[in-house]
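A, B, ... follow the sequence lines: proteins, then strands. Residue 1 opens every chain. The figures here come from the full heavy-atom set of this structure, side chains too, leaving out hydrogens, waters and symmetry mates.
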2 protein chains.
Amino acid sequence: MEASKKRSDCPLSFSLDVFGDKWSLLIIRDMMFGNKCTYNDFLKSEEGIATNILASRLKGLEENGVIEKSVHPDSKAKILYRLTPKGIDLLPVIMEVYIWSEKYYEMPADLKATIKEAKKDKDKFIKQVTKELKIKMTEKKSSS
Amino acid sequence: MEASKKRSDCPLSFSLDVFGDKWSLLIIRDMMFGNKCTYNDFLKSEEGIATNILASRLKGLEENGVIEKSVHPDSKAKILYRLTPKGIDLLPVIMEVYIWSEKYYEMPADLKATIKEAKKDKDKFIKQVTKELKIKMTEKKSSS
DNA sequence: ATTTGCACTTGCAATTTGCAAGTAAAATTA
DNA sequence: TAATTTTACTTGCAAATTGCAAGTGCAAAT
């Protein structure tokens, strides 16, 4: 549905086919920083994604190996969405977007402070958060 | 047309309102690495952007201060599009996308080698290319 | 047994995209 | 000087995507 024919040989263009839209990176952000992991969690996000768009984006991200579904430990009715290592590796991309926006836009003071702090030792921050995410994304793992 | 009402207070979401689509970053890539600077240059790009979409994206990027128009030194019929400092500052974002895709996708060998090389000393590469871009984007400057 | 929660799907109108053709001014060619 | 070509778009229209609202089916709670 989403995959297959690439527009060109440029990796930037096929990366954009994976997450180049208004919603995908927000879902990934929610999984990275918002502690969100279920369909309803994402639905409740500040930006108000429509339910059919959410379903379509989750499907696309899963097809592209950025996220994966698993059984929720609390209930069979719930589905736990988790970032794959490939998804976790989008952290540097998202970080650079935050750093860029911190330079050119206004935002809540606490967020601004956090970004500035992370920027001071970018590599350390990325490594630290990556490590935490890898732990978080495996700990509740039940099956696939 | 494009600007105004933001979806949330999250800088990631309003950054995506600026370049979160399938085309904007490709135009910026062409200006950074493809030595492209006119409407027809962008039209001829590998991915084949439609002319109305190109016009709309250029307008949006200009409204958001990422690019700017100037008089082409060769001809009054031509318009020279240039990256602003804000546009040049998207280099780290684009770089991280390249690095991500280099890890997970196949691509032409020479490009792969270039990315790997740039990745070795990321900061140095970014500084170097930023410097070159700042020079390039001002040298032919005529007026606004 | 009934209601609620969860993860979706479906229908439909509105917006956006993509393709093709057209336009106006500037530059080139005859 | 006139005709053609180049350049940067705009316009029209069909197709695809988005967004909103209202389901649907299964699980869990009451």
Side-chain angles (χ1 to χ4, degrees), chain A residues 1-8 13 16-27 30-31 36-63 67-82 140 142 144, chain B residues 1-5 7-8 13 16-27 30-31 36-63 67-82 140 142-144:
Chain A
M1 194 194 206
E2 292 240 18
S4 50
K5 55 187 177 215
K6 44 175 66 170
R7 291 185 287 172
S8 77
S13 96
L16 291 173
D17 289 337
V18 175
F19 56 79
D21 66 84
K22 299 264 182 283
W23 297 108
S24 296
L25 286 180
L26 298 183
I27 295 169
D30 286 346
M31 298 178 85
K36 304 190 176 180
C37 56
T38 68
Y39 193 92
N40 277 329
D41 286 343
F42 304 132
L43 262 191
K44 282 175 212 143
S45 270
E46 199 185 359
E47 290 87 3
I49 188 170
T51 175
N52 55 338
I53 304 297
L54 175 57
S56 144
R57 290 305 176 275
L58 289 173
K59 190 176 177 234
L61 290 172
E62 197 194 356
E63 282 171 359
I67 64 174
E68 57 188 7
K69 291 177 172 188
S70 63
V71 177
H72 194 107
D74 295 353
S75 154
K76 258 189 263 182
K78 289 185 183 176
I79 287 176
L80 185 71
Y81 285 96
R82 289 177 296 115
K140 295 187 202 167
S142 302
S144 162
Chain B
M1 197 196 204
E2 293 240 19
S4 51
K5 54 185 179 218
R7 292 184 288 173
S8 78
S13 96
L16 291 174
D17 289 337
V18 175
F19 56 78
D21 66 84
K22 298 263 180 285
W23 297 108
S24 295
L25 286 179
L26 297 184
I27 295 170
D30 287 346
M31 297 178 85
K36 302 190 177 180
C37 58
T38 68
Y39 194 91
N40 278 328
D41 286 344
F42 304 132
L43 263 191
K44 281 175 212 144
S45 269
E46 200 185 358
E47 290 86 4
I49 188 170
T51 174
N52 56 338
I53 304 297
L54 175 57
S56 143
R57 290 303 177 276
L58 288 172
K59 189 175 177 235
L61 290 172
E62 196 193 356
E63 282 170 1
I67 64 172
E68 57 186 10
K69 291 177 172 188
S70 62
V71 177
H72 195 106
D74 295 354
S75 154
K76 259 188 264 182
K78 289 184 183 178
I79 287 176
L80 185 70
Y81 285 96
R82 287 178 298 114
K140 295 190 203 165
S142 303
S143 83
S144 164

Undergrad: I'd like to check A:Leu26 versus A:Ile49 (side-chain heavy atoms, cut-off strictly below 4.5 Å). Are they in contact?
TA: no
Undergrad: What integer distance in Å separates A:His72:NE2 from C:dC8:P?
TA: 14 Å
Undergrad: Establish, with yes or no, whether the OP1 or OP2 oxygen of D:dC9 is under 4.0 angstrom from a side-chain nitrogen or oxygen of B:Lys69.
TA: yes
Undergrad: Starting from Watson-Crick (N1-N3 plus N6-O4 or O6-N4) and G-U wobble pairs under 3.5 Å, report the runs of at least three that DNA chain C belongs to.
TA: C:1-30 with D:1-30
Undergrad: Answer yes or no: is there a side-chain heavy-atom contact under 4.5 Å between A:Leu58 and A:Tyr39?
TA: yes
Undergrad: Are A:Glu68 and A:Tyr81 packed together at the side-chain level, in the sense that at least one heavy-atom pair is separated by less than 4.5 angstrom?
TA: no
Undergrad: Would you check if A:Val18 and A:Ser24 make a side-chain contact, meaning some heavy-atom pair closer than 4.5 Å?
TA: no
Undergrad: Encode nucleotides 14-30 of chain D as B, S and - characters from 5' to 3', where the letter depends on protein heavy atoms closer than 4.0 Å: B to the base, S only to sugar-phosphate, - to neither.
TA: ----SBBBB----SS--
Undergrad: With a 4.0 Å cut-off on heavy atoms, is B:Phe42 in touch with a base, just the backbone sugar-phosphate, or nothing at all?
TA: nothing
Undergrad: How close do B:Lys69 and B:Glu62 get, heavy atom to heavy atom, and via which atoms?
TA: CE-OE1, 3.7 Å
Undergrad: To the nearest Å, give me how far apart CG (B:Leu58) and C1' (D:dT10) are.
TA: 14 Å
Undergrad: Between atom NZ in A:Lys78 and atom C1' in C:dC8, what is the gap in whole Å?
TA: 16 Å
Undergrad: Could you give the CG-to-C1' distance, from B:Asn40 to D:dC9, as a whole number of Å?
TA: 10 Å
Undergrad: How many angstroms lie between OG1 in A:Thr38 and CE in A:Met31, if you round to the nearest 0.5 Å?
TA: 10.0 Å
Undergrad: What integer distance in Å separates B:Lys59:NZ from C:dT16:C1'?
TA: 14 Å
Undergrad: Give the rounded distance in Å between these two atoms: NZ of B:Lys22 and C1' of C:dG18.
TA: 15 Å
Undergrad: Could you tell me if the side chain of B:Leu54 sits less than 4.5 Å from the side chain of B:Leu43, heavy atoms only?
TA: yes
Undergrad: With a 4.0 Å cutoff (strictly under), does any side-chain N or O of A:Tyr39 reach OP1 or OP2 of C:dT9?
TA: no
Undergrad: Using atom OH of A:Tyr81 as one end and atom P of C:dC6 as the other, report the distance to the nearest whole Å.
TA: 14 Å
Undergrad: Nearest whole Å is fine: how far is C:dA7 P from A:Asp41 CG?
TA: 8 Å
Undergrad: Using side-chain heavy atoms (C-beta onward) and a distance below 4.5 Å, is B:Leu80 in contact with B:Pro73?
TA: yes
Undergrad: Less than 4.5 Å apart, side chain to side chain, heavy atoms only: is that true for A:Arg7 and B:Lys22?
TA: yes
